[in-house]
Novice: 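Quick one: structure below, then a few questions.
Counting starts at 1 for both ligands and their atoms, following the listed order.
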Amino acid sequence: KGSRPPPSPPFLPPQTVPFIATIPGGLFPKKTIVIKGFIPHDAGRFHINLRAGPGGDVVLHLNPRMDEGGAVVRNAFLGGCWGEEERDISCCHPFQRGRYFDLSIRCGNHRFKVFAEGQPLLEFRHRVPCGPHVDVLEIEGDVVLSYVHF
Ligand code: 9QG
């Protein structure tokens with residue numbers, strides 16, 4: 001729709017972690033967030049949160065755990081509680097120590113679709129409606145960011 005805000009300029013290096021930014025206009029169908037980064041050799045884990053305002057509900061918590069056999073945990077934090085984790089993943093994913101990744105998270109009508117190096121990686125069904133109120137992106141933990149764009 002014409003009323004939707006245009007993409008903001010990208011965040012280029014150096015970006016400090018925790019990285020916290022407001023997404024102008026929040027999430028809407030087809031809104032895409034691109035995150036590129038490097039996972040240090042001694043990294044434990046990091047996460048990407050999409051959040052309804054500072055300290056609000058986390059509608060998507062995407063949490064690669066290099067310290068847990070490469071699990072890629074997805075969850076939501078709603079009303080102060082973690083829900084059920086989703087962990088299914090195709091055998092190969094880029095969240096390995098010493099590797100770069102190029103991730104995009106696209107908000108659909110019914111789910112988030114997450115792509116790595118342009119290939120579908122996983123999906124996360126919306127547990128609560130997503131919309132303009134979901135306007136905070138947080139990236140925290142053991143990651144070095146090289147590019148963030150939304
Ligand atoms: O561990 O799992 C995701 O289901 C919790 C973690 C929590 C999330 C959650 O402690 O870590 O990954 O806010 C938190 O504490 C995040 C960083 C059962």
Novice: Only one of I20, L27, N49, I23 forms a side-chain contact (heavy atoms from CB on, under 4.5 Å) with L137, so which one is it?
Specialist: I23

Novice: Give me the one residue out of R125, R127, R111 that meets salt bridge (charged side-chain N to carboxylate O under 4.0 Å, His left out) with E86.
Specialist: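 The salt bridge (charged side-chain N to carboxylate O under 4.0 Å, His left out) with E86 is passed solely by R127 among R125, R127, R111.
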
Novice: Given E140, R65, H61, H47, which one has a non-hydrogen atom that is nearest to atom 5 (C) of ligand 1?
Specialist: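 Looking at heavy atoms only, the winner is R65.
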
Novice: Classify the ring geometry of F11 against F19: parallel below 30°, tilted from 30° to 60°, perpendicular beyond 60°.
Specialist: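 Perpendicular.
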
Novice: Give a yes or no on this: more than 12 heavy atoms of other residues, nucleotides or ligands lie within 6.0 Å of atom OH of Y147.
Specialist: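 More than 12 within 6.0 Å, yes.
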
Novice: In terms of side-chain geometry, is the basic nitrogen of E68 or R45 positioned less than 4.0 Å from the acidic oxygen of its partner?
Specialist: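 Yes.
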
Novice: If you have a sec, work out which protein heavy atom is nearest atom 14 (C) of ligand 1 and how many Å separate them, to one decimal?
Specialist: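 Of every protein heavy atom, W82 CZ2, 3.7 Å lies nearest to atom 14 (C) of ligand 1.
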
Novice: How far is atom 4 (O) of ligand 1 from its nearest protein heavy atom, and which residue and atom is that?
Specialist: E85 OE2, 2.6 Å

Novice: Checking contacts now, so for atom 10 (O) of ligand 1, which I'm interested in, is there any protein heavy atom under 4.0 Å?
Specialist: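 No.
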
Novice: Does an N or O from N63, backbone or side chain, lie closer than 3.5 Å to an N or O of ligand 1?
Specialist: yes

